[in-house]
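Okay, structure first, notes after.
Along the sequence shown, residues carry numbers from 1.
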Amino acid sequence: MSDKTFEVRVQRGDRWIIHSTFDVEREALSEAEKLLKTKVSAVRVVRDWERADGRHVEKVILEKAGSSDGDDQDVRISHIDDAPLCDSDNDLIQFESRATINRLLRKYFDHEILTPSEVMYNYQNLRKLMFHDTLMPTAVDKVAGIHARATGGDYMAAMDKLHEAIDQLAARAREVEKVDLPAFEDVTISQVRDEIGNLRLAEDTDFLTMVALTRALSANRSWVGKLDLVLQLKGDEKDDAARQILDDVVTDILGSPVALKELLGSSSSFGEAIILHIDLAMGRARGNPGAADDILELLNPLFGAGLLAGAQNAMFDYIVRELRSPNTLTNRENAPDPMVGILDRLISEKGVSYDGPMVAALAERGARIRNIGGPRALIEGVAEITERLRANWRKMSWLLAVANSGIVESYGDELFKLLLGTVKDMQGLRAFCDSDAKPRAKMVTVSAMNQALLDSELPNKQKQRIGRMLDEGLADYLVREKVIERIDNPSLHLRKRAYMLVQFCSSGVLIEGKSASMARKRVVGYLKQPNFTDKLVDDIKDITAKEGTIRDFYALLQRSGF
C-alpha cells in the first residue's frame, strides 16, 4: 500500500467531516466532483502523507463550494441504558461491547453502511468516525456516565479509561493498515487464517484475519451483500476461531434494523416484524416479498443447527428489546392479534426461548396491553399472557418459566392459583393438550409438563398438588381411551403383547404414580400367570432361539425397572 492517502471531506457547519478515503488521487477527485452535484455546502480533498518518522502531513489539493446551505440533519447517538465496562482495546471488540456500540452509533453505521467490526479493525473507517463532528466525544461521554453510575466511580476517570482503550485500538488498527494481507477470493476463512499465521507478524492472527475480512466487507455497500460475502466463506469444522469470526461478523450485520429489513422484506406491522425476527433466530425464516431468499437459505440451517450462537443470542436480545418497547404491535383495529404468533413461537414444552429476559419482556408487554403500571404490573402482565395462550399445557409451560425467573416472587400465591387453573380441567386432556394432537402426543405432553414441574423452582407442596392432578388426568385418559387395552390386543401372541406393554411402561409417556401403576399392573399380571415363560415362546421351535428370546425379554424387564 502507498504511504499517501487522499481524503474526501464534506463541510458540516464549521466542521469538515471525512466522507471517504482513497489511495489514488484521481479517484478522490472524481468522488469530490460527484459530491458537488449533491446537497453539500463544500467539498475538500486532502492528501495525507506519512513521513518516515511516523508523523502525518496534510495538504489540501482541492476545495470547492457546493449548492447546499449545510443544514442537513446530523447523525447523532442513540439512547442506551447500560454498557459493559471496558478497560482495554480487547474489551471493546468483545460481543457485549460491539452490541452496545452498534446500538449507540446505530444512525452512523446505517448512514455509512458499516458494522462495528469494520470500524474497529479498519483504521480508515475508525479515523473517519473519530473525525465525524462531535459524535465520538458524545458517545464516550454517554458511556462514561453509565460506567460511573454503575460502579460508583469517578466520571472523568471512566472517560479517560474509555479514551485510552479507543487509542489502543486505533494504534493497533493503524499499525497494520499498510500490511499486505491475503484477499478473500475463492478461499476459506481457515485458509486465510493459516496464510496470515505463516506471515509470522507481531499482531495476533485472529485480529489480522478480521482486518483482512473487514477490508473486503467495507468495499461492499450493501447489508445483504456483506452477509452474502461472509456466508460464502466456508470454514474448517474443527477451526473454532474461524467460525467465531464469521459468527461475530454476522452478529454485527444483523444488529442493523435496516439490514434485517433488507434481509426479510418489509412488514405490515411491528408485530409482524417481531414474528419474522423470531423465525430468523430459530432458523426457519420465510421472508416477505422483497426478502433476500437466497441469503435466508444459507442462514436458516446455520441458525437451526446452533452454529451461529452469538448471532442467535443477539437476535433474541433484539427481540426482547422490541417486546419491551412502547411500540404497538399492530396499526389496524381489525387486524389479527400478532401476540398469538409470537407466543406460539416462543413457548414450548421446554419453556420460553431465551429464558428469563424473554419472560420479563413478555410480562412487560402483557402489562402494557392491560395498561397497568406500579408494583402489580408484572403479575398482571403474566395473567394477560396466560389468557392469550390456548392449550393449558402451553399456559403451564409459561407459568413455570415465570416461576423459574423469579420476576413475580412477591406474588407467589397468585402465580400458584394461575397454575392450578391449567390443571383444573383434565377430562379427556381436551383442554390441556392441543385439539388436533394424537393420543400418544397427548400423553407425551402431559409427561413432559410433569417433568418440567419437577424441575421447576416451585415449592414442593405446590409441585405435589399439581403433579397429582396431572397424574390423575393421565390415568383417566388411559381408561377413557382404553389405551392399555388397545396395546394388549388379545388377537396378538402373548410375547408381542408383553413386549409392547413393557415398552409402553418405559417409553416416558407415563407419570410415576397412578398412570404408570395401571400399565405396570397389567405387566405384572402376565408375569404371575402359570407357565408364563413357556407361553412366551410356545410358537418357537428352536431351543436356542427360545432361550435367547427369554433372555431378551427379562433383560427388557430389568431395563424397564421391573
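- Take Phe207 and apply the ring-ring contact (aromatic ring centres under 6.0 Å, His included) test, not counting sequence neighbours, and it matches Tyr121.
- Open room surrounds CG on Asp413; 12 or fewer heavy atoms of other groups in view lie less than 6.0 Å from it.
- Inspection of the Asp248 and Gln244 side chains reveals an N or O donor paired with an N or O acceptor under 3.5 Å.
- Residues Ser269 and Leu329 form no side-chain contact, since every pair of their non-hydrogen atoms from C-beta on lies 4.5 Å or further apart.
- With sequence neighbours left out, the side-chain contact (heavy atoms from CB on, under 4.5 Å) criterion links Asp317 to Arg103, Arg321, Tyr354.
- In this structure, the side chains of Leu260 and Leu280 come closer than 4.5 Å at one or more pairs of heavy atoms.
- Open room surrounds NZ on Lys261; 12 or fewer heavy atoms of other groups in view lie less than 6.0 Å from it.
- Remark: Lys514 NZ is loosely packed, at most 12 non-hydrogen atoms of other residues, nucleotides or ligands lying under 6.0 Å away.
- Counting heavy atoms from C-beta on, the side chains of Thr445 and Leu429 never come closer than 4.5 Å.
- Counting heavy-atom neighbours within 6.0 Å of Arg522 CZ, excluding the residue itself, gives a total above 12.
- Within the 3.5 Å criterion, the main-chain N or O of Glu472 finds no donor-acceptor partner in the side chain of Asp476.
- In this structure, the side chain of Thr422 engages the main chain of Leu419 through a donor-acceptor pair within 3.5 Å.
- In this structure, the side chains of Ser560 and Cys505 stay at 4.5 Å or more apart for every pair of heavy atoms.
- Looking only at side-chain heavy atoms (C-beta outward), Arg495 and Ile540 come within less than 4.5 Å of each other.
- For the pair Pro439 and Glu481, the minimum side-chain heavy-atom distance is 4.5 Å or more.
- At most 12 non-hydrogen atoms from other residues, nucleotides or ligands lie less than 6.0 angstrom from CG of Asp186.
- A donor-acceptor contact under 3.5 angstrom links the side chains of Asp228 and Gln232, judged on distance only.
- At least one donor-acceptor pair under 3.5 Å links the side chain of Arg106 to the backbone N or O of Asn102.
- Of the possible polar contacts, none joining the Asp434 side chain to the Asp436 backbone as a donor-acceptor pair under 3.5 Å is found.
- Side-chain N or O atoms of Gln312 include one that pairs as donor or acceptor with a backbone N or O of Phe303 at under 3.5 Å.
- Asp455 and Gln451 share a side-chain donor-acceptor pair at under 3.5 Å.
- In the displayed structure, Arg345 atom CZ is contacted under 6.0 Å by more than 12 heavy atoms of other residues, nucleotides or ligands.
- In this structure, Asp425 contributes its side chain and Ala431 its backbone to no donor-acceptor pair below 3.5 Å.
- Although no hydrogens or angles enter the test, the distance criterion places a donor-acceptor pair under 3.5 Å between the side chain of Ser397 and the main chain of Ser348.
- With values rounded to the nearest 0.5 angstrom, Arg324 atom CZ is found 11.5 Å from Leu362 atom CG.
- Distance CG/Leu233 to CD1/Ile245: 10.5 Å, rounded to 0.5 Å.
- Counting only N and O atoms by type, the side chains of Ser515 and Asp471 include a donor and acceptor under 3.5 Å apart.
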For this session: Tell me, with the steps shown, if Tyr477 and Phe432 meet ring pair (Phe, Tyr, Trp, His ring centres under 6.0 Å).
Result: CA-CA 12 Å; Tyr477 184 76; Phe432 192 80; over 10 Å; no
Using atom types as modelled, flag every donor-acceptor pair under 3.5 Å from a side chain in residues 281-288 to any protein atom, sequence neighbours excluded.
{"unit_1": "Asn288", "atom_1": "ND2", "unit_2": "Ser266", "atom_2": "O", "d": "2.8"}
{"unit_1": "Asn288", "atom_1": "ND2", "unit_2": "Glu272", "atom_2": "OE2", "d": "3.1"}

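- The only member of Arg368, Arg365, Lys395, Arg370 that meets salt bridge (charged side-chain N to carboxylate O under 4.0 Å, His left out) when paired with Glu384 is Arg370.
- Side chains of Leu299 and Leu263 form a contact here, defined as non-hydrogen atoms less than 4.5 Å apart.
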